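We name chains A, B, ... by the order of the sequence lines, and we start the count at 1 in each one. On a predicted model such as this, the values are computed, not experimentally measured, just so you know.
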Amino acid sequence: MINSQISRRNLLGLTAGAAAAASLAACGSSGPKSTTGGSGGGSASYWSLSGPPGQPYRQAAVDRFDSANPSTKITANFFANDDYKQKIKTAIGAGQAPTMIWGWGGGGLKAYVDAGQVVDLTDWFGQNAAVKEKLLPSSFGAATVGGKIYAMPVETVQPIVLFYNKKVFEQVGVQPPQSWGDMMALVPKFKAKNIAPFSLAGQSRWTNMMWLEFLLDRTAGSDVFNNVFAGKQGSWSDPAVLDMLTKIQDLVKAGGFEKGFGSVVADQNADQALLYTGKAAMMVHGTWSYGIQKANGGTFVSSGSLGWMNFPPVEGGKGDPTNTVGNPGQYLSISSKATSAQQDIAKKFFSTTLVDDQEKAGWVKSGGVPVLANSDSLYAGDDAQFLKDISAIASKAKVFAQSWDQALSPTAADTLLDNIAKLFQLQVSPQQWVDNMNGVIGK
Amino acid sequence: MATRASWKGSELTAIDTSVPVGKGATSVGRLLRLNWLGGTFAWLWLVIVMVPIYWIVITSVKTQSNYFVTNSMLPPKDPTFANYQLVVQSGIVHYFLNSVVVSVGAVVPAVAISFMAAYAIVRGAGNRWLRTMNSMFLLGLAIPLQAVIIPVYLIIIRLHLYDTLLAIILPSIAFAIPLSVLVLSNFIRDVPRELFESMRMDGATEWGTLWRLTFPLTRPALVTVTIYNALGIWNGFLLPLVLTQSPDKRTIPLALVGFQGQFNVNVPAIAAAVTLTTLPIILLYAIGRRQLLSGLTAGFSR
Amino acid sequence: MTTLAPPAVRAQEPKTAGRGRSGAVVWMALPALLMFIAFAIIPLLGVLGLSFTTWDGIGAIHFTGLTSWKAELEDPELPHSLWVTFEIMIVSWLVQTPISILIGVFLAAFKRYRGLLAVLYFVPLLLSSVAISITYKALLDPNFGLGTGLGIDLLNQDWLGSTKLALWVLVFVVSWQYVPFHSLIYQGAVRQIPTSLFEAAQIDGAGRMRQFFSITLPTIRYTIITSSTLMVVGSLTFFDLIYVLTAGGPGDSTRALALEMYRKGFMADLMGPASVIAVILVLVGLLLAQLLRRLGGRGDESQLEGV
């Protein structure tokens, strides 16, 4: 006799029950199946990044708009950084884009433009000059494709700066660097005291890229990269590029970065921790790091131990030392597949809520320099000095270049990050790097 | 009935089914008592398993500010439960329930219909249609999820299922079928023909044979397949990410999103979230394990 | 926990499948078939179609015939990813299987703490890849991780940044997660081996090693095949963990096929070549399945003849 513990009836019941429960739970509360589609003219959708520091302020803007415009509604959804990149591509590709598409401008925006997925806002800005004037002029660079504006600059400007630990400098008895030569000279001094001269999150690649961006600009000026961006073949073959790449590898070979930097990851802020725990002396990072160090570093920032400056010039370099790189802003575009009612809601959002004073105040509070002009009066309290300095850097910069991986097309950006990683790992020679990158110009 | 067994290689000739397994385990224990190699590995592996778990638990009571400053392997001097509060406030309970609904709702139907299909494939082996079906299932063994996600996304949208839990459940069922059918059909193939014949002679239908004979005999494989699929779906990330968007449809892997800022990851909070969502399952498993075991090791006796 | 040892006599493939009987069972396979066609076959056909196009994922789809196929097959990254995939597959099998069997055999005998161990071993399986990656990235950090915490400098290697070490780290993490699962399967299988066999061997003076190789291993042969099937098939489409832990890096040392596909499709916006890789993955899976079937589905010898 076969022992059978479960009769088939029980099992069928279980299956049916599970399926029924699942479908009830699944269909129960979803409401309209897709808020991204064209259903319901009175609502628009907005996708952006989640988490601190930005999410509360983005949500606050949406809430403000909704209470001021009760007949319409904006639904906001937030996603983690990498997830967002995947999700927005999938959505746009399937024709299901949200009304307002958040992004970094530059090459990514150009891809949307080429695919006809975003609305041309040039005329709208022309008609709404007042809105345009409220925004920093340097922020429009990354929003412009082929001479036309396709996105609205929002949120904050985030240049990259050189942070340094004042306490460590005092300990070792040296001065902050004024030039590339100084930087190289400081390396052995810190190494002797078992302190990493520069902190770097080598695994994250874009952190390495910041170094190249600055070095190239300081050495050769902005022309080289502009040529690349414009698609001129062989632009990377400029001798300044080889020079710059060799300098980086020299720095790596001299032990300029912390031990095992290839394993350090930026997202978990391990690189920033190195700076505020005194294990590293300097760090090239974005201005957002200030807020993180303030929150996580205990009394490090409040005691005034954190120093910052624009990246030092390179001796004999052609670049203007006031130039900076980073994120000239974040950008909101309007999906061309949205209904005209939805587009109007978005435009109203742009012209009213996104340029009002609360928006400005909110972003200042988040520890950033708003993309809205004339924010200086709001800089008060502990962060005032930092914000004033950053604001000065951003506005004085002759050129505020966009991060390369955002400026280039995704195809080229991918090759770029790949090669940068290999460069820092000394797995590829400067000439090979140049050849590889020349191969993807214009792709 | 118990004849002396010849134990050499493939000449094993007799089994002694009158010895219940429980007792056997102790005897085997005596024989393998000196199994120091296995023992060392087992305990070493336990340490290896527990170290990261331990890290997660102690990190969950640290704050972001003392997280880097304190020794990563030591508990903090002043532990805090603020992270747990934060995590609960962010709705982790709801996300946990979503994960449960999705996992159960996908695994149970998947294993059930795979079992039925495996049975059909084995029993009706001469049938041309079934052979074709089998080959088709095999095609799906290595479905590259990242590639099919866009077509699946489009199908879900057409079916008006976007942003529902069903959107995650249905494709999950489909993707679980090939491997389940493969493992289950291998197992069913080992059931002796005589048993099927005797069922048929007793006048049982195929359906009856399926549940009354085959189901108990293949229970071990069913459990393995169920657990394997459940784990995959419980931790599944891409399907929920692409096929849902509202926060209230999030499953656990997506729930950690709230602690991953644009430039900053709240590691202690994530540790707390992970601890909270894993604990109930561990308790469930600890309690239910006995039931699972006692039912399964009954074996079959003639 | 379970046994995967086969019962008495192996079934022979029915030589005369009665028309009526097979007709009755065909419908049993229908629900699976329908689900599979709807959510797997149709998307797979979609992917096949996409492989003949050039598409950046957001614009219009251009039918371009074999362009993407040619581009992808000429790409040196493709054989490299294939190699990485197989490397991961083989190395993780070689690491996981012996350890799992050893632990499984041990657990089968060791009654006292078995329950506790089984529960603790289960925990890694419950963690999502995001959780695991965050944990390991923190533990492997050369400055704040495990090595510094315990004061063991040897553990402060460039784990994730060195091309030589990254692959091993990956295999380690996968093993960390799944060895417990496989050892529980093996434990159940070993527990089902009748003790009379061991006793007889003992009487004949066979040592433990001989017993292991002559009794244990052959008897759990089918368990090994099932467990290996799960391992091998799983590692083919392995994506989540690699993506969050190393993203295919450093460089491309851990860039398995699924990652190369993701990179091409979603990061470089080349959906055509990405779809080509997808088709290749499916075909490799099919090949592996046939291989596994040969190993697991045939064989007429009976392990334990009935009474």
For [X], is it the side chain, the backbone, both, or neither that has a heavy atom closer than 4.5 Å to a heavy atom of chain B?
X	value
C/Leu236	side chain
C/Leu230	both
C/Phe213	neither
C/Thr135	both
C/Ile99	side chain
C/Ser175	both
C/Phe144	both
C/Ile41	side chain

Given side chains that start at C-beta, do those of [X] and [Y] come closer than 4.5 Å, heavy atoms only?
X	Y	result
C/Phe198	C/Thr216	yes
B/Phe196	B/Thr209	yes
C/Phe266	B/Ile149	yes
B/Met136	B/Thr132	no
C/Phe122	C/Pro180	no
B/Pro52	C/Tyr136	yes

Parallel, tilted or perpendicular, judged at 30° and 60°: which one describes the rings of [X] and [Y]?
X	Y	result
C/Phe239	C/Tyr243	parallel
B/Tyr228	C/Phe181	tilted
B/Trp45	C/Phe172	tilted

Top contributor to chain B interface from [options] [non-hydrogen pairs under 4.5 Å]:
options	answer
C/Thr229, C/Leu120, C/Leu127	C/Leu127
C/Ala32, C/Gly46, C/Gly285, C/Ala278	C/Ala32
C/Ser227, C/Ser275, C/Ala40, C/Ser129	C/Ala40
C/Leu34, C/Ile132, C/Val233	C/Val233
C/Val179, C/Val130, C/Ile37	C/Val179

Please state whether the side chain, the backbone, both or neither of [X] comes within less than 4.5 Å of a heavy atom of chain C.
X	answer
B/Tyr67	side chain
B/Leu179	side chain
B/Ile121	neither
B/Val225	neither
B/Leu182	side chain
B/Ile270	side chain
B/Ile282	both

### Query
Taking it one step at a time, do B/Trp129 and C/Trp27 satisfy ring-ring contact (aromatic ring centres under 6.0 Å, His included)?
CA-CA 11 Å; B/Trp129 296 113; C/Trp27 69 266; over 10 Å; no
#### Entry: Audit row: C/Ile134, C/Lys137, side-chain contact (heavy atoms from CB on, under 4.5 Å) steps and yes/no
CA-CA 5 Å; C/Ile134 292 184; C/Lys137 276 192 200 162; 5.9 Å; no
### Task
Please name the residue in the list B/Ile281, B/Val49, B/Ile53 that meets the side chain to side chain contact (heavy atoms under 4.5 Å, CB included) test with C/Val123.
B/Ile53
### Message
Is it the case that the ring center of B/Phe175 lies less than 6.0 angstrom away from the ring center of C/Phe39?
### Response
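No.
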### Task
Just give me the residue among B/Ala117, B/Ala118, B/Ser135 that pairs up with chain C most often, heavy atom to heavy atom, under 4.5 Å.
B/Ala117
